[in-house]
Amino acid sequence: MTRHTIGLLLGTEEDWPTAFEEIMRRLGPVEGPDGGSHAFDVERITIEPFSLRDRPRYELVIDRLAYWYYVPREWLKKVAMMDDVYLLNSPFTFQSMEKHAAYCAMLRLGLKVPETVLVPYKNPVDNARYAYTAARYNQPFDLDAIAERIGYPLFMKPYDGGAWRGVSRINGPAELHAAYDASGEMLMHLQKAVDYDVFARSLSIGAETMVMKFQPDQPMHLRYAVDHNFLSPEGGEEVVTIGRLVNAFFKWEFNSCETLVKGGEVYPIDYANACPDVALTSLHYYFPWAMKALVRWCVFALVTGRRANIDMETDRYFAIAAETGMSYAEKLAAYRALADAYFETERYHDFCATRLPRLDQIVLDWVTGPDFDQLLVRTVQSVYPAHEHDKFIAHLRGLLHLWVRDESARLAVA
Ligand SMILES: Nc1ncnc2c1ncn2[C@@H]1O[C@H](COP(=O)(O)OP(=O)(O)O)[C@@H](O)[C@H]1O
Ligand SMILES: [Mg+2]
């Protein structure tokens with residue numbers, strides 16, 4: 001029996017870690033391709049001083065904390081660099097590659113990133129050398145002319161954005177100047193607005209991608225709509241490919257990707273959301289899928305001895321981008337092949353079918369039973385004020401009931 005310890009690096013969340021721990025417990029040991037048995041312990045990682053020579057207890061870590069808390073971030077770098085711990089996600093690409101870097105990479109690969117311009121800081125940078133340097137080297141620029149060239153409406157948003165911080169939609173010069181004045185010490189992009197038909201947000205966990213219809217104007221609990229046919233089959237494939245490409249390129253294994261779809265064209269706008277929100281209250285219907293995918297991917301990585309790798313190897317993608325004889329669709333197919341090779345997609349699906357055949361039923365039984373309902377109730381109680389508890393409990397129960405119905409039908413056919 002081989003034992004594997006999975007570490008969870010957590011902030012305030014209680015819902016998905018509880019779900020993950022419970023599904024792993026119900027799953028029990030898994031037989032590997034070599035016939036050996038593999039058992040899994042899941043532990044929540046605590047923050048404490050560490051010697052750079054310490055050996056970590058964890059073989060794999062899922063991180064939802066290091067994006068704002070730097071002690072665990074530096075610990076993640078240490079265990080990635082020194083101990084080959086398998087990370088969802090590696091700080092070497094997650095913390096060093098923000099939205100701006102991701103735009104640049106995807107532009108080079110020929111993706112339809114809307115016209116985007118980086119403008120210098122509105123306020124002086126807090127550094128004694130700034131005044132002299134700016135006076136000597138900063139070129140004056142005409143913000144209105146840049147905006148005119150891009151065309152209104154446009155978006156102003158931080159180069160390293162997340163969670164809508166500092167994002168504004170701009171319809172004309174007055175709003176442009178107001179938003180730029182307000183940007184202060186933030187470094188901003190101006191980006192052409194896409195007047196989209198539908199917003200597709202994909203969540204990827206390892207080799208799996210779920211494409212969901214996203215409604216950014218709705219409150220959190222209504223942003224993901226349950227709709228299985230909102231894209232054409234080709235459009236859906238393209239969104240999956242873009243998500244998987246971004247993730248393979250940056251070696252992000254747990255990330256969400258936002259694309260705007262307009263008349264058959266897919267425009268990616270935000271895809272540096274590594275370690276994304278997977279709360280029960282926002283994912284609702286899709287929550288069981290996300291938990292299963294997380295369990296499957298961790299088990300697959302551990303049992304097959306998948307190695308973490310912090311080399312970027314970007315040249316392989318850029319070589320395809322530089323091919324003059326290839327169409328956009330051909331390039332996407334070639335990128336997809338590289339991405340699927342990175343995620344070992346075929347081997348992964350075969351592993352799930354042969355090594356984890358019971359998982360679907362285990363999760364269905366759990367979601368149908370009282371333990372899950374308790375988790376749902378406790379989660380609502382911790383997220384919403386008392387007078388909204390009944391409403392949100394009913395809302396989530398309804399959506400999960402719908403999932404149970406669909407999943408039961410799916411398993412009955414399978
Ligand atoms: N180019 C664009 N065209 C249309 N809508 C956009 C564009 N850029 C951003 N938005 C809107 O603003 C929201 C936040 O922008 P986004 O780039 O996703 O920033 P964040 O990283 O903060 O989520 C998006 O979800 C979308 O609704
Ligand atoms: Mg976004």
Side-chain angles (χ1 to χ4, degrees), residues 64 67-68 89 93-107 111-119 146-172 175-176 178-180 182-204 209-225 227 230-231 235 239 242-243 246-247 250 252 254-279 282-283 286:
R64 278 272 305 149
Y67 73 94
W68 64 266
N89 294 283
T93 64
F94 176 29
Q95 263 88 31
S96 61
M97 299 292 177
E98 68 319 283
K99 180 180 277 168
H100 175 75
Y103 283 153
C104 297
M106 293 307 116
L107 274 165
L111 268 57
K112 297 165 186 163
V113 178
E115 179 60 16
T116 306
V117 175
L118 183 87
V119 290
I146 295 170
E148 292 290 332
R149 216 167 40 241
I150 296 171
Y152 293 104
L154 53 85
F155 276 80
M156 185 181 293
K157 50 188 188 178
Y159 85 106
D160 61 345
W164 295 45
R165 171 177 52 85
V167 177
S168 46
R169 184 184 162 94
I170 292 173
N171 294 301
E175 288 172 26
L176 175 72
Y180 188 51
S183 70
E185 279 87 50
M186 286 188 290
L187 188 55
M188 304 303 269
H189 281 141
L190 300 183
Q191 184 173 75
K192 174 100 187 129
V194 178
D195 172 26
Y196 57 89
D197 307 325
V198 55
F199 190 135
R201 196 168 206 260
S202 63
L203 174 59
S204 293
T209 302
M210 181 65 74
V211 179
M212 294 167 282
K213 181 173 174 183
F214 195 63
Q215 308 174 137
D217 307 330
Q218 297 284 329
M220 210 64 180
H221 68 284
L222 295 175
R223 287 209 186 138
Y224 290 109
D227 186 337
F230 71 102
L231 292 173
V239 173
I242 290 173
V246 167
N247 292 333
F250 289 108
W252 290 331
F254 186 17
N255 185 35
S256 68
C257 177
E258 297 179 353
T259 55
L260 306 177
V261 183
K262 164 94 181 153
E265 309 269 318
V266 180
Y267 302 92
I269 55 147
D270 181 19
Y271 35 89
N273 299 306
C275 309
D277 168 33
V278 284
S282 38
L283 282 187
Y286 299 102

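Each ligand, and each atom within it, is numbered from 1 in the order the structure gives.
In this structure, Arg169 has no heavy atom closer than 4.0 Å to ligand 1. Under a 4.0 Å heavy-atom criterion, Phe214 is not in contact with ligand 1.
Near Gly161, meaning under 4.0 Å from one of its heavy atoms, ligand 1 places the atoms 21 (O). Of all atoms in ligand 1, listed by their number and element, those nearer than 4.0 Å to a heavy atom of Lys192 are 1 (N), 2 (C). In the vicinity of Glu258, heavy-atom distances shorter than 4.0 Å reach the ligand 1 atoms 18 (O), 25 (O). Listed by atom number, the atoms of ligand 1 under 4.0 Å from Leu260 heavy atoms are 2 (C), 3 (N), 4 (C), 5 (N).
The proximity of Tyr267 to ligand 1, defined as any non-hydrogen pair under 4.0 Å, does not occur for either the backbone or the side chain. Under 4.0 Å from ligand 1, heavy atoms of Trp164 appear from its side chain as well as its backbone. Contacts between Pro158 and ligand 1, counted as non-hydrogen atom pairs separated by less than 4.0 Å, are absent for every part of the residue. With a 4.0 Å heavy-atom cut-off, ligand 1 is reached by no atom of Leu154.
Where the criterion is an N or O separation shorter than 3.5 Å, residue side chain and backbone included, Pro216 fails it with respect to ligand 1. Checked against a 3.5 angstrom limit, the closest N/O atoms of Lys157 and ligand 1 fall inside it. When only interatomic distances are considered, the shortest N/O to N/O separation between Tyr196 and ligand 1 does not fall below 3.5 Å.
Partner Tyr271 forms a side chain to side chain contact (heavy atoms under 4.5 Å, CB included) with one of Cys257, Ser204, Ser202 and no other, that one being Cys257.
Protein heavy atom in closest approach to atom 23 (O) of ligand 1: Asp270 OD2, 3.0 Å.
In the model, Glu175 has no side-chain atom that pairs as donor or acceptor with a side-chain atom of Tyr152 under 3.5 Å.
For the Mg ion (ligand 2), the nearest N, O or S atom contributed by Asp270 is named OD2.
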